[in-house]
Amino acid sequence: MGAPPAPAPAADVDDTTAAAAVTSDTSDDAGAATVDGTITVTLCSPQSLVLLTMLPFCNICGFLWIYTALPLHFLNSGWALWKLSTLLTVAYIPRVAMTTVTAHVGDWICVPVSATAAVLNLNLLLHPESLAAVWAAVTATCAALNPPAYRSLVYARFLVGPKEQLRRALRIFTLAGTLGYACAPFLGGLLYDGGGLRAGTGFATATCAVGGLLPLGLDECRASFREFWRRGMCAGAQAAAEDEKDRSGPPREEKELEEAAKARGGNSVPANGSVPISEHGGTRAATAVVMGAAFVNIFVYGVEWCLYALYFHLEYGWSGAWCGLAQMAGDLIAASVLGASTVA
């Protein structure tokens, strides 16, 4: 027999305690397991399936069905099409604002926003002839379209495990969202053909209700709210501490770093060693290119869906389902490629 292992150094105690805390936080979910000291959250647990499949699909599909059904409803109701274009332009403004709100408040904000959208869609279900009800429901549902919040919950759930598990989880999440994009125009046309705007609004009410209820069962969503509540409770004490810090000046280490940077003639570096994004050469240009490409992609997507639904209906008499099916084909190809990469 070999010699007994030496006791761990004192410096490792904090790491062991942190690992135990992570294990404790994750042990509430039956899909979490610790193998050889590595925490792995399974992809097939109920919470994982809800987060990776149901939420992204319902979130995407619950709004984008309107791109087939709503143009046809405006046409059949005799409403001017410029009102439709104005609606679909203005409706995206709250969504942009929600991205900022989510970054500052937390991912849990998707719950009350989705619940509000469900209530307003229920109102539209009762009053489909009201243009004001259409405006309210479409705007609220667009604001509830928040994939970044769900993607952040995916990171929070799988970041403790192997990197490959996180990559696979993100691929499944993206696949579910792509299927939502693919199915939305077809479902919108099918529902409109079968029951008019009421049928589509009933579908939107159900999907928004999913977004308002199912995240409550996710450990990560509840943790996000607890963190927000803790920050709010500690805001007063933290503000007082920051005021005191401002009065006393920066710590000695930061002063030394700044003086050393100035002596070298370079930029000052924060104490944590990170470099501001603005100091990276070419970052702004690259960011601008990516943002511009994303804008053009989404802009063309929406214009294409609305125009195709109107054009094929007016010129060839296609039903909403046929219009949606034609638009669905390209997204199904993308979904099949993502599916192949997920199982590979």
- Of all heavy-atom pairs linking Val111 and Cys221, the shortest is CG2-SG, 3.9 Å
- Message: Test of understanding: clusters of I, L, V, M, F, W, Y form through side-chain heavy atoms closer than 4.5 Å, transitively. Do Leu75 and Leu197 belong to the same one?
- Response: yes
- Quick one: pull up OG1 in Thr174 and CG in Leu179 and give me the separation to the nearest 0.5 Å. 11.0 Å
- Message: For a quick test of reading the model, state the closest non-hydrogen atom pair linking Val154 to Ala169 and the distance between them.
- Response: CG1-CB, 4.2 Å
- Sequence neighbours left out, what passes side chain to side chain contact (heavy atoms under 4.5 Å, CB included) with Ala184? Give chain and number order. Cys61, Leu64
- Under 3.5 Å, side chain of Asn123 to main-chain N/O of Ala137, donor-acceptor pair present? no
- Note on the structure: Nearest heavy-atom contact between Leu51 and Pro56 is O-CD, 3.3 Å
- With Val210, which residues qualify under side chain to side chain contact (heavy atoms under 4.5 Å, CB included), at least two apart? Leu55, Cys58, Leu214
- Task: Please name the pair of heavy atoms, one in Leu84 and one in Phe74, separated by the smallest distance, quoted to 0.1 Å.
- Result: N-CE2, 3.6 Å
- Task: Using atom types as modelled and distance alone, determine if a side-chain donor or acceptor of Glu227 lies under 3.5 Å from a backbone N or O of Gly106.
- Result: no
- Note on the structure: Ser77 meets the side chain to side chain contact (heavy atoms under 4.5 Å, CB included) criterion, sequence neighbours left out, with His73, Trp79
- From Ile60 CD1 over to Cys183 SG, what is the distance, rounded to the nearest 0.5 angstrom? 12.0 Å
- Query: Between Ile66 and Leu88, is a side chain to side chain contact (heavy atoms under 4.5 Å, CB included) present by the stated rule, with each step listed?
  - Reply: CA-CA 10 Å; Ile66 69 169; Leu88 294 180; 3.8 Å; yes
- Kindly determine whether Leu310 and Leu81 satisfy side chain to side chain contact (heavy atoms under 4.5 Å, CB included), including the steps that lead there. CA-CA 10 Å; Leu310 293 171; Leu81 293 182; 3.9 Å; yes
- Item | Path from Leu314 to Leu70 over hydrophobic side-chain contacts below 4.5 Å | yes
- Message: Taking side chain to side chain donor-acceptor pair (under 3.5 Å) as the cut-off, I'd like each qualifying pair that reaches into residues 191-209, sequence neighbours left out, listed once.
- Response: Asn76-Tyr192, Asp193-Ser319
- Message: For a 4.5 angstrom cut-off between non-hydrogen side-chain atoms, does Val138 reach Leu120?
- Response: no
- Look at the side-chain heavy atoms of Ile, Leu, Val, Met, Phe, Trp and Tyr, link any pair under 4.5 Å apart, and say whether Leu49 and Leu218 land in one connected group. no
- Message: If the condition is side chain to side chain contact (heavy atoms under 4.5 Å, CB included), which residues does Asp107 pass it with, not counting sequence neighbours?
- Response: Thr102, Ala149, Ser152, Leu153, Ser224
- Kindly indicate whether the side chain of Leu170, heavy atoms from C-beta on, has any atom under 4.5 Å from the side chain of Arg151. yes
- Task: Mind listing the closest non-hydrogen atom pair of Ile109 and Pro112 along with its distance?
- Result: O-CD, 3.2 Å
- Message: Give me each pair satisfying ring pair (Phe, Tyr, Trp, His ring centres under 6.0 Å) with a member in residues 103-135, each pair once, sequence neighbours excluded.
- Response: Trp108-Phe225, Trp108-Phe228
- Shared ILVMFWY cluster between Val50 and Leu216, side chains joined below 4.5 angstrom? no
- Task: Test Leu87 against Val134 for side chain to side chain contact (heavy atoms under 4.5 Å, CB included), laying out the working first.
- Result: CA-CA 9 Å; Leu87 168 60; Val134 171; 3.9 Å; yes
- Task: Report the residues that fulfil side chain to side chain donor-acceptor pair (under 3.5 Å) with Arg226, sequence neighbours left out, ordered by chain and then residue number.
- Result: none
- Query: Rounded to the nearest 0.5 Å, what separation is found between the OG1 atom of Thr53 and the CD1 atom of Ile172?
  - Reply: 8.5 Å
- Could you give all pairs that pass the side chain to side chain donor-acceptor pair (under 3.5 Å) test and reach residues 83-96, with sequence neighbours left out? Tyr67-Tyr92
- Item | Spacing of OG1 belonging to Thr178 relative to CZ belonging to Phe57, to within rounding of 0.5 Å | 11.5 Å
- Query: Residues sharing Leu122's hydrophobic cluster, by side-chain heavy-atom contacts under 4.5 Å among ILVMFWY, directly or via others?
  - Reply: Leu125
- Message: With rounding to the nearest 0.5 angstrom, report the OG1 to CG distance, Thr141 to Asn121.
- Response: 3.5 Å
- Task: Go through Leu166 and Leu159 one step at a time and tell me if the side chain to side chain contact (heavy atoms under 4.5 Å, CB included) criterion holds.
- Result: CA-CA 6 Å; Leu166 174 61; Leu159 196 59; 3.8 Å; yes
- Note on the structure: Rounded to the nearest 0.5 Å, the CG atom of Leu213 sits from the SG atom of Cys208 at a distance of 11.0 Å
- Message: On a heavy-atom basis, which atom in Thr42 and which in Gln165 lie closest, and how many Å separate them?
- Response: CA-NE2, 4.0 Å
